[in-house]
Amino acid sequence: MGQPEPLTPVVEDWQRALAVVAHPDDLEFGAAAAVARWTGQGKEVVYSLVTSGEAGIDAVPPDRARVLREEEQRASARVVGVTTVEFLGLPDGLLEYGVPLRRAITEVIRRHRPDIVITNNFRETWDGATALNQADHIATGQATLDAARDAGNRWIFPEQLTDGVEPWNRVRQVWAAASPRSRHGVDVTDTFAAGVASLRAHEAYLRGLGDGGFDPEEFLEGVSRPAGTRLGVRYGAAFEVLPLDLH
């Protein structure tokens with residue numbers, strides 16, 4: 001086998017990012033250390049969770065899990081310098097790509113007016129082969145890509161354009177974390193520990209994984225070291241960068 005393709009560092013001349021993912025913990029399984037780097041640079045990052053992850057803990061009923069997971073996500077975000085965390089309240093495990101999901105995400109983009117939109121891997125697999133992705137991740141990522149363009153068209157979801165909300169056509173790129181098609185990356189060597197702490201904050205969720213022996217640091221090392229090698233650093237976070245052509 002040949003050497004893995006080197007990753008190109010992402011451009012970091014932006015000021016505001018919006019992260020849109022399906023569940024609490026999605027950002028923490030790889031991207032949170034990058035968020036810590038960016039907030040440390042003085043950038044603003046907002047989290048928008050499409051669901052509250054209420055179907056994610058087998059031993060905890062959804063009404064209770066919703067409260068737990070929202071609390072854990074807020075605590076997790078604070079660890080990496082994120083203070084604005086929103087929950088859209090769509091049903092966990094039942095997300096469908098389509099106009100309603102595009103509409104919900106477009107509204108968030110128009111409100112927050114980001115330069116960069118971050119989402120999770122929306123490809124069919126995690127490894128480009130057989131490690132299957134989850135349906136909510138795929139639907140959310142695909143809808144986020146479309147919403148980033150929808151947000152700039154005043155004739156799409158025009159009912160949102162009230163109370164000072166205007167079309168927003170300045171999203172430069174969508175970055176999909178942990179995509180098997182990643183060609184870009186971020187050096188997270190200095191913020192790796194913050195990323196681990198951010199994942200550990202999802203205590204109730206992690207207790208419910210497998211036999212309860214999940215080790216956040218071991219997991220994140222397993223994904224961050226290979227990405228770091230491709231960047232020429234110790235730890236990295238990989239992203240598929242998708243430029244928006246608005247013309």
Side-chain angles (χ1 to χ4, degrees), residues 19-36 47-80 82 84-98 100-101 104-105 108 118-144 176-180 192-224 237-238:
V20 181
V21 294
H23 315 110
D25 79 69
D26 283 353
L27 287 161
E28 287 68 48
F29 275 94
V35 172
Y47 284 4
S48 183
L49 289 300
V50 176
T51 81
S52 296
E54 67 275 9
I57 307 175
D58 185 67
V60 180
D63 286 349
R64 176 60 182 150
R66 177 181 291 106
V67 174
L68 277 173
R69 302 207 67 198
E70 288 185 1
E71 289 175 349
E72 291 186 342
Q73 181 62 76
R74 290 189 182 97
S76 174
R78 284 194 296 271
V79 171
V80 294
V82 174
T84 301
V85 180
E86 299 180 346
F87 299 90
L88 303 188
L90 278 67
D92 183 17
L94 301 175
L95 297 180
E96 293 182 294
Y97 170 81
L101 187 55
I105 298 171
V108 176
I118 299 162
T119 192
N120 228 340
N121 173 32
F122 57 86
R123 302 299 180 183
E124 290 185 355
T125 70
W126 290 102
D127 60 354
T130 59
L132 293 178
N133 200 352
Q134 196 260 357
D136 283 358
H137 301 156
I138 296 170
T140 297
Q142 290 177 338
T144 298
S179 168
F192 176 77
V196 173
S198 188
L199 180 54
R200 286 194 197 282
H202 292 277
E203 182 181 355
Y205 176 71
L206 296 179
R207 274 200 312 268
L209 287 180
D211 61 3
F214 177 81
D215 184 330
E217 184 169 5
E218 182 180 15
F219 174 86
L220 289 176
E221 280 199 356
V223 295
S224 300

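Just so it is clear, the values below take in all heavy atoms, side chains as well, and ignore hydrogens, waters and symmetry mates.
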**Side chain to side chain, Pro24 and His202, heavy atoms closer than 4.5 Å** = yes
**Atom of Gln134, atom of Gly93 and distance for their closest heavy-atom approach** = NE2-CA, 4.5 Å
**Request:** May I ask you to decide whether Glu70 forms a salt bridge with Arg66, counting only side-chain N to carboxylate O separations under 4.0 Å?
**Result:** no
**Message:** Check the orientation of Trp126 and His137. Use parallel for under 30°, tilted for 30 to 60°, and perpendicular for over 60°.
**Reply:** perpendicular
**Message:** Looking at every heavy atom in both Ala139 and Leu101, which two are closest together, and how far apart are they?
**Reply:** O-CD2, 3.6 Å
**Request:** Please report the shortest heavy-atom distance between Ala237 and Ala34, naming the atom on each side.
**Result:** CB-CB, 4.3 Å
**Asked** At their closest point, which heavy atom of Leu90 faces which heavy atom of Glu54, and how far apart are they?
**Response** O-OE2, 4.0 Å
**Fill in**
So CD of Glu72 and CG of Leu199: to nearest 0.5 Å the spacing works out to 10.5 Å
**Request:** Specify the closest pair of heavy atoms between Arg200 and Pro216, including all atoms of both residues, with the distance to one decimal.
**Result:** NH1-CD, 3.5 Å
**Asked** Checking Asp25 side chain against Glu28 main chain: does a donor-acceptor pair fall under 3.5 Å?
**Response** no
**Complete:** Minimal heavy-atom distance between Gly141 and Thr119, with the atoms involved, is CA-OG1, 3.7 Å
**Request:** To the nearest 0.5 angstrom, please state how far the CG atom of Leu206 sits from the CG atom of Asp215.
**Result:** 10.0 Å
**Derivation of the side-chain contact (heavy atoms from CB on, under 4.5 Å) call for Arg78 and Val82** = CA-CA 5 Å; Arg78 284 194 296 271; Val82 174; over 6 Å; no
**Complete:** Taken to the nearest 0.5 Å, the spacing of Asp26 CG from Thr51 OG1 works out to 7.5 Å
**Fill in**
Result for side chain to side chain contact (heavy atoms under 4.5 Å, CB included) between His23 and one of Val50, Leu49, Asp92 points to Asp92
**Message:** Whether the side chain of Ser76 engages the backbone of Ser198 through a donor-acceptor N/O pair (distance < 3.5 Å, no angle test) should be reported.
**Reply:** yes
**Asked** Is atom CG of Asp127 surrounded by more than 12 heavy atoms (other residues, nucleotides or ligands) closer than 6.0 Å?
**Response** yes
**Request:** Would you check if Leu88 and Val108 make a side-chain contact, meaning some heavy-atom pair closer than 4.5 Å?
**Result:** yes
**Request:** Measure the CZ-CD distance between Phe192 and Glu221 for me, rounded to the nearest 0.5 Å.
**Result:** 4.5 Å
**Request:** Using the six-membered ring wherever Trp is involved, compare the ring planes of Tyr205 and Phe29 and label them parallel, tilted or perpendicular (cut-offs 30° and 60°).
**Result:** perpendicular
**Side chain Asn133, main chain Asn121, donor-acceptor under 3.5 Å** = yes
**Item:** Interatomic spacing from CD in Glu86 to CD in Gln73 - rounded to 0.5 Å
**Value:** 12.5 Å
**Prompt:** Do Tyr47 and Leu27 have side chains that get closer than 4.5 Å, going by heavy atoms?
**Reply:** yes
**Item:** Under 3.5 Å: donor-acceptor pair, side chain of Asp136, backbone of Leu95
**Value:** yes
